[in-house]
Amino acid sequence: MDAYSMSVTSASRKSTSKIYQDLKRARIHNLADPHPDRSRGLSIMDRVLKEESLDPSRKPHIGVVGAGVAGLRCADQLLSHGFQVTILEARNRIGGRMYQEKLPNGHLVDAGPNWIHGTKENPIMDLANETKTITADWDTNSYVFDQDGKLFPLEDGTNYSTMMWNIIQDAFDYSNRCGSEINPGRSLLDFFQEQVKVRIPVTEEEYEKKRYAILQMSELWGAFVGSPVEKQSLKFFWLEECIDGENLFCAGTYQKILDKIAAPALEGANIRYNTRVSEIHGKSTGVKDTVMIKTTDGQHLQFDHVVLTTPLGWLKQNLKAFSPALPDRLTKAIQNIGYGCLEKVYISFPKAFWLTPNADGRKVQGFCQWLSPKYAADSNPERWTNEIVELGSLGGSAANPTLLFYIYGDESHHVTSKVRSLSGKGEKDEFLFSFFKPYYSRLPSFREGDPECQPTGCFSTDWLHDDLAGNGSYSNFQIGLEEGDDDIRAMRAGVPGEGIWLAGEHTAPFVAVGTTTGAYWSGEDIGRRIAQSYGRYKADRVAQLA
């Protein structure tokens with residue numbers, strides 16, 4: 001969940017929104033009481049763990065698979081409660097999908113998440129403030145090019161954009177109220193097609209043109225979840241809502257935030273880099289009631305409990321790695337939840353020429369979209385919609401004469417596969433410059449042949465071909481899904497009786513699924529639950545959530 005600066009959950013709806021009801025259950029209630037079993041029955045997983053006979057003088061050893069945000073935050077919680085922690089990280093660095101690359105122009109950019117989703121009661125926002133990380137948002141003006149490559153008049157673009165987001169808001173409301181009655185096969189696109197007929201009646205001038213424009217704009221939702229709008233589940237659309245408040249672009253990158261999250265683990269945990277897990281043997285098949293991890297280089301490691309923070313896509317592809325096999329309900333949950341394929345392409349220029357007004361006084365600042373282009377038949381015969389965030393108007397030192405393209409679905413598959421097929425950086429850059437030129441060349445003040453308008457460098461992600469990332473980006477909810485909320489709950493539960501726990505954005509409170517905040521909260525929650533099961537948990541703070 002990355003590519004939009006939007007917030008659609010109003011404070012007045014929190015009492016009825018399923019995501020906030022879940023957040024209260026998952027966060028406030030558990031954090032408020034260090035001994036929740038005193039006021040209510042123990043959950044199955046806590047009963048199993050409470051039955052363990054443990055030597056209080058012994059330091060339980062917890063294995064954490066993955067040094068991404070969830071793994072690092074989990075390690076922090078476990079270390080603070082007196083556990084021995086070993087992190088098994090398959091890469092040669094921390095951060096997982098959160099890492100930075102340096103562009104040829106010297107600017108650092110995020111290859112993973114770019115946004116802080118929601119500013120209210122969001123620990124990632126708190127960390128951004130604490131680390132003085134620069135954040136940004138843009139004006140609400142809409143810059144949209146139609147299918148013929150013409151920039152909509154500002155008023156038209158704003159009106160279309162406003163209507164699109166109003167339909168999105170109504171889809172959230174409808175999904176939240178009527179989700180149990182909605183056919184699992186209905187998509188967000190189905191809802192759009194119904195709504196444009198109501199909002200733009202046949203009596204309105206140029207109604208067909210306006211309806212078509214809104215339906216084209218609906219495709220922009222794909223850059224939010226990493227999958228096309230026609231695959232977005234309407235039944236579980238309510239699960240895509242975000243934390244209340246603004247959504248801010250992390251203009252200073254996530255680097256300092258990651259450093260802050262990682263500091264306790266780097267100091268107190270044993271981190272084994274370049275260590276790939278191949279098998280996970282639960283307590284019933286392990287030695288002396290331990291969980292045994294086998295690595296691809298032949299190591300056999302034993303732990304009291306193991307927390308798997310691997311991406312959902314990795315779990316989907318490695319279900320056979322578990323012995324005994326994961327419970328049917330958990331296996332079904334992992335298979336049911338969708339996995340997106342959002343990619344990013346950064347293209348830099350000597351100057352942010354698009355910020356200079358053209359002869360009509362137009363410039364582009366913030367977001368810009370090119371709808372279903374007919375003018376790029378050779379490079380884009382499928383007419384994929386494209387979208388950018390321009391980084392030239394970021395404040396202070398974060399200002400960067402670079403366009404960030406968000407691509408998803410079939411376009412992601414095409415671009416990443418083509419880049420991989422090319423041999424050298426020069427060939428790769430030339431392909432990307434050429435592929436995206438039909439779009440950036442239509443920005444205000446672009447002049448063919450002007451050195452200031454010629455790209456100087458680029459960087460593109462390739463999560464689709466990264467098996468450690470699960471060959472994708474993050475979880476989403478696609479048509480056909482029947483029990484999405486229960487699927488997430490099943491993944492949150494894990495298999496504590498076997499000493500196996502799951503964490504990551506796919507196990508987060510509903511309001512933060514698919515986000516950095518969700519990964520952070522999920523790691524924190526599992527660390528707390530393990531500490532609680534050993535009687536070590538200290539409720540030193542209570543989440544203050546409205």
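Side-chain contact of N274 with N92: a donor-acceptor pair under 3.5 Å is absent, judged by distance alone. Remark: the E387 side chain and the Q369 side chain contain an N/O donor-acceptor pair separated by less than 3.5 Å.
Side-chain contact between H506 and L315: present, with at least one pair of heavy atoms (C-beta onward) separated by less than 4.5 Å. Using a 4.5 Å heavy-atom threshold, the side chains of T253 and Y99 count as separate. S218 is not listed as a side-chain neighbour of I167, based on a closest heavy-atom distance of 4.5 Å or more. Counting heavy atoms from C-beta on, the side chains of E240 and V225 come closer than 4.5 Å. The shortest side-chain heavy-atom distance between I488 and L239 falls under the 4.5 Å cut-off. With contacts defined as side-chain heavy-atom distances shorter than 4.5 Å, the pair N400/L103 qualifies. Between Q216 and T385 there is no side-chain heavy-atom pair separated by less than 4.5 Å. For the pair R489 and F510, the minimum side-chain heavy-atom distance is below 4.5 Å.
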Salt bridge (Lys or Arg N to Asp or Glu O under 4.0 Å) between R492 and D486: does it pass, once the steps are laid out?
CA-CA 10 Å; R492 285 182 197 163; D486 288 337; over 6 Å; no
Test F405 against Y440 for ring-ring contact (aromatic ring centres under 6.0 Å, His included), laying out the working first.
CA-CA 10 Å; F405 284 84; Y440 66 71; 7.1 Å; no
Can you list the steps and then say if F477 with F237 is a ring-ring contact (aromatic ring centres under 6.0 Å, His included)?
CA-CA 7 Å; F477 311 100; F237 191 48; 9.8 Å; no
Go through D429 and K425 one step at a time and tell me if the salt bridge (Lys or Arg N to Asp or Glu O under 4.0 Å) criterion holds.
CA-CA 6 Å; D429 288 357; K425 178 170 172 50; 3.2 Å; yes
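A donor-acceptor pair is defined here as one N or O able to donate and one able to accept, closer than 3.5 Å; such a pair exists between the side chain of R211 and the backbone of I200. R186 contributes no side-chain N or O that, together with a main-chain N or O of I182, makes up a donor-acceptor pair within less than 3.5 Å. Looking at K428, its side chain does come within 3.5 Å of a backbone N or O of L422 through a donor-acceptor pair.
Every pair passing ring pair (Phe, Tyr, Trp, His ring centres under 6.0 Å) that includes a residue from residues 186-213 is listed here, sequence neighbours excluded: Y174-F191. Residue pairs meeting the side chain to side chain donor-acceptor pair (under 3.5 Å) criterion with at least one partner in residues 347-358, sequence neighbours excluded, are N105-S348, S348-T402, W354-E390.
Between D466 and R91, at least one side-chain nitrogen of the basic residue sits less than 4.0 Å from a carboxylate oxygen of the acidic one, meeting the salt-bridge criterion.
Residues satisfying the side-chain hydrogen bond (donor to acceptor under 3.5 Å, both in side chains) test with K374, not counting sequence neighbours, are D148.
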